[in-house]
Undergrad: 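Structure below; questions to follow.
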Amino acid sequence: VVQHCVSCLGAVVNKVTQNYKFVWACFNRYYGALSKLKNQHQEDPNSTILTANKPALLRSLFTVGALCRHFDFDQEDFKGNSKVNIKDKVLELLMYFTKHSDEEVQTKAIIGLGFAFIQHPSLMFEQEVKTLYNSILSDKNCSVNLKIQVLKNLQTYLQEEDTRMQQADRDWKKVAKQEDLKEMGDISSGMSSSIMQLYLKQVLEAFFHNQSSVRHFALNVIALTLNQGLIHPVQCVPYLIAMGTDPEPSMRNKADQQLVEIDKKYAGFIHMKAVAGMKMSYQVQQAINTCPKDPVRGFRHDESSSALCSHLYSMIRGNRQHRRAFLISLLNLFDDTAKTEVNMLLYIADNLACFPYQTQEEPLFIMHHIDITLSVSGSNLLQSFKESMVKDKKKEKKPSSDEETESDSNSGSGSDSEEEASKPRRLRKRVDSDSDSDEENDINAVMKCLPENSAPLIEFANVSQGILLLLMLKQHLKNLCGFSDSKIQKYSPSESAKVYDKAINRKTGVHFHPKQTLDFLRSDMASSKITEEVKRSIVKQYLDFKLLMEHLDPDEEEEDGEVSASTNARNKAITSLLGGGSPKNNAAETEDDESDGEDRGGGTSGVRRR
């Protein structure tokens, strides 16, 4: 009510009656009351008079600001020939109360400041105002009400500027013939642009807040700023991509809308910042995540199970070059050298599993690159694990010779692995997949070689998550789109686009559930004590992994309907690594004529039964 009364008063006095003395008297009444309260507070902050006068204080803070919004008291019409600078005096008074211990008083003082800044935007360049606004926005522990109020102030200022500009535009059209066009809009838009540059970073950072109301106002301010063209849009793109993953549909749509506008005007900006935007969306999801125990996931938990960043992907997928560059950048994060944290990898894998792919080319391209990443990262990973064990092995030459020949081939020590590599491939395969007891022996053999310090083990478990996720992702896409191994194998990214332009027919009910990574994150393995059982499971993972790496490339000489021993070995390793879900393709179900193929087929079903 007070706000609208003052607004009407402004219209009547400024446009019609010009009764400035009356308004000046009204302003002085509130301003005087505030000064008096300030002096009392300085003398004794705990005085009872202040408590009794709190309603008067709150009203005065609000009204002084509101009057300053509609009247410029530094004009002669108001203060006569007095030399006092009214706006600075008001600023000083209101700033004093922003440091008050009572949050309600602080909020009202900030509202008052917001009003005053609409009449005198230049006050926002004052150092103390910058410090106040930026500290409230960036301080994690600062009250939500104050954050929202600062954002509301900026929003109201921008809305007023917009109205002012439109009015100036209308006035301009009336006198367009005589005036010089250049000078009209420059001054005020230059001012609001400089102001937004000052506060932009803090407003954008407010997106990472767990309260949706804070995110809501931050997004409003950014939308207004972009619509008025006050800043270069490229710096907002990653933040808008991140806000496109907000749980609230209205905010998602607003952020997506802004991205579409930017994409129309500046082609290529979205693609340029897409990966940064994905990483930032993970931070937003982390901030929103109410249950820290649960890992952050990258798809919506509703019937659609759509990827959180599906809008981003649909904007990029139309341009083949951009799309491929984007997908490769995402897959590169899984590389062992990228050192990306495991939960972020899970988040990205979720998105890659659920993106709205339309042609066969898209998932095939991903699977092709997963294979390349696996062969490089996988070898590096096995190598570093072997190296951590070799040192220990030299210290304690323990295993007897017959044990070595029996099945120590997998222990991974330097000499053994050389020996093993020199065995003929058929023989080696038989050793790898003979029976469960062999597997037990392998595990025990490796367990003996483990170093005292379990850091390399944890490191292996940590780094291998990225590779496991890629395996899971490939398996998921294969099941989702119903591709056969040979189709994946034959794919070449350099072939013309037309070959793989067919639409995908998705299977329903195929969900991406990387159980091992979820268990790894939930058990917080990286920081917990490492037990014998955990060691064993890591060693088993290492052996399955080693087996998989040996059979990564399917044999060329496979005939139709026949599945080579190598394919079976690979499927067994994948099944075991991924925690029992058998790879759904003909390979695991067809039996081979060769005897060791049957062994392996039995092994696979054994794993599955277990």
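The residues of the chain are indexed from 1 along the displayed sequence.
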Undergrad: So which heavy atom on R300 is nearest to which on A307, and how close?
TA: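 Residues R300 and A307, closest heavy atoms: NH1-O, 3.9 Å.
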Undergrad: Are N351 and Y313 close enough that a side-chain donor and a side-chain acceptor fall under 3.5 Å?
TA: no
Undergrad: In this structure, are over 12 heavy atoms from other groups packed under 6.0 Å from Q167 atom CD?
TA: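 Yes, enclosed.
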Undergrad: Does Y31 offer a backbone N or O that forms a donor-acceptor pair with the side chain of S35 under 3.5 Å?
TA: yes
Undergrad: Please check if the distance between the ring centroids of F27 and F71 is under 6.0 Å.
TA: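 No; F71 has its ring centre 6.0 Å or more from that of F27.
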Undergrad: Any chance the side chains of E248 and S212 put a donor and an acceptor closer than 3.5 Å?
TA: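 Yes - a donor-acceptor pair under 3.5 Å links their side chains.
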Undergrad: Run the salt-bridge test on E92 and K38 with the 4.0 Å N-O cut-off and return the result as yes or no.
TA: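 A salt bridge is present here (some side-chain N lies under 4.0 Å from a carboxylate O).
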Undergrad: On a heavy-atom basis, which atom in L123 and which in V129 lie closest, and how many Å separate them?
TA: O-CG2, 3.5 Å
Undergrad: Parallel, tilted or perpendicular: which one describes the rings of F460 and F385, with boundaries at 30° and 60°?
TA: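 Ring orientation, 0 to 90° scale: tilted.
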Undergrad: What orientation do F97 and H41 show, parallel under 30°, tilted 30 to 60°, or perpendicular over 60°?
TA: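 Ring orientation of F97 relative to H41: tilted.
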Undergrad: Can a donor-acceptor pair be found, under 3.5 Å and without considering hydrogens, that links the side chain of Q285 to the backbone of T245?
TA: yes
Undergrad: Does a side chain donor of either Q106 or T98 reach within less than 3.5 Å of an acceptor in the other side chain?
TA: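 Side-chain D/A pair, Q106 to T98: absent.
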Undergrad: Between S7 (side chain only) and Q3 (backbone N and O only), is there a donor and an acceptor less than 3.5 Å apart?
TA: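 Judged by distance alone, no pair lies under 3.5 Å.
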Undergrad: Quick one: does Y282's side chain have a donor or acceptor within less than 3.5 Å of a partner on L345's backbone?
TA: no
Undergrad: Is the NZ atom of K201 crowded by more than 12 outside heavy atoms at less than 6.0 Å?
TA: no
Undergrad: Any luck finding a side-chain donor-acceptor pair between N220 and K254 under 3.5 Å?
TA: yes
Undergrad: Verify, without hydrogens or angle tests, whether H120 (side chain) and S122 (backbone) share a donor-acceptor contact under 3.5 angstrom.
TA: no
Undergrad: When you measure from the side chain of N253 to the backbone of P249, do you find a donor-acceptor pair of N or O atoms at a distance under 3.5 Å?
TA: yes
Undergrad: Has H4 got more than 12 heavy atoms of other residues, nucleotides or ligands less than 6.0 Å from its NE2?
TA: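 Open: at most 12 neighbouring heavy atoms sit under 6.0 Å from NE2 of H4.
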Undergrad: Taking the side chain from N343 and the backbone from P295, do they hold a donor-acceptor pair closer than 3.5 Å?
TA: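 Judged by distance alone, no pair lies under 3.5 Å.
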Undergrad: Less than 4.5 Å apart, side chain to side chain, heavy atoms only: is that true for L91 and F117?
TA: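 In contact.
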Undergrad: Under the 3.5 angstrom rule, does the side chain of N153 hit a backbone N or O of I110 as a donor-acceptor pair?
TA: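 Present.
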Undergrad: Not counting sequence neighbours, which residues clear side chain to side chain donor-acceptor pair (under 3.5 Å) with Q358? List them please.
TA: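 Counting only residues at least two positions away or on another chain, Q358 forms a side chain to side chain donor-acceptor pair (under 3.5 Å) with R317.
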Undergrad: Relative to each other, are the rings of F355 and Y357 parallel, tilted or perpendicular (30° and 60° limits)?
TA: perpendicular
Undergrad: Just by distance, with hydrogens left out, do Y347 and E341 show a side-chain donor and acceptor under 3.5 Å apart?
TA: no
Undergrad: Which atom names give the shortest non-hydrogen contact between M472 and P514, and what distance separates them?
TA: CE-CA, 3.6 Å
Undergrad: How are the rings of F208 and Y239 set relative to one another: parallel (under 30°), tilted (30 to 60°) or perpendicular (over 60°)?
TA: tilted
Undergrad: Between R252 and D246, is there a side-chain N and carboxylate O pair less than 4.0 Å apart?
TA: no
Undergrad: Are the side chain of K147 and the backbone N or O of L137 linked by a donor-acceptor pair below 3.5 Å?
TA: yes
Undergrad: Is the distance between the ring centroids of F207 and H209 under 6.0 Å?
TA: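 Here the rings of H209 and F207 have centres that are no less than 6.0 Å from each other.
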Undergrad: Whether the Q149 and T107 side chains hold a donor-acceptor pair (N or O, under 3.5 Å, no angle test) is what I'd like checked.
TA: no
Undergrad: Would you please classify the geometry between the H322 ring and the H271 ring as parallel, tilted or perpendicular, with 30° and 60° separating the classes?
TA: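 Rings of H271 and H322: parallel, as their planes differ by under 30°.
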Undergrad: Is there side-chain contact between F62 and L57, with heavy atoms separated by less than 4.5 Å?
TA: no
Undergrad: Has the side chain of T63 got a donor or acceptor atom that lies under 3.5 Å from a matching backbone atom of S60?
TA: no
